[in-house]
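What follows is a single structure, written as structure tokens, with notes after it.
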Amino acid sequence: MSTVIPFPAKPLASAFDVIEDDQIHAIRAMLRYLHREASESGLGGTAARISDALDALDAEQPA
């Protein structure tokens with residue numbers, strides 16, 4: 001079953017109450033992939049926002 005999480009969720013921690021650890025790892029992996037692709041494509045602003053999202057994820061839900 002899929003869970004839709006609005007982004008950005010405020011507070012982000014409350015969003016993690018409804019998802020499982022494997023989903024958090026999948027989100028983290030997807031964001032890393034998107035960050036790499038955006039960086040390689042020269043989309044600096046997009047890469048920076050994705051980096052911010054990764055930082056927020058790490059702050060709210062450490063690996």
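Values in this document were obtained by computation on a predicted structure and should not be read as measured data.
- A side-chain donor-acceptor contact under 3.5 Å links Ser39 to the backbone of His35.
- Atom CD1 of residue Ile27 and atom CG of residue Leu54 lie 11.0 Å apart, to the nearest 0.5 angstrom.
- Both Ile24 and Tyr33 belong to a single network of hydrophobic side chains, linked directly or stepwise wherever heavy atoms of I, L, V, M, F, W or Y lie under 4.5 Å apart.
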Open item on the list: Test side chain to side chain contact (heavy atoms under 4.5 Å, CB included) on Asp52 and Arg49; report intermediate values, then the result.
Closed with: CA-CA 5 Å; Asp52 292 343; Arg49 298 296 71 80; 2.9 Å; yes
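- Between the OG atom of Ser41 and the CG atom of Leu34 there is a distance of 10.5 Å, given to the nearest 0.5 Å.
- Hydrophobic clustering (ILVMFWY, side-chain heavy atoms < 4.5 Å, transitive): Ile50 and Leu43 are in distinct clusters.
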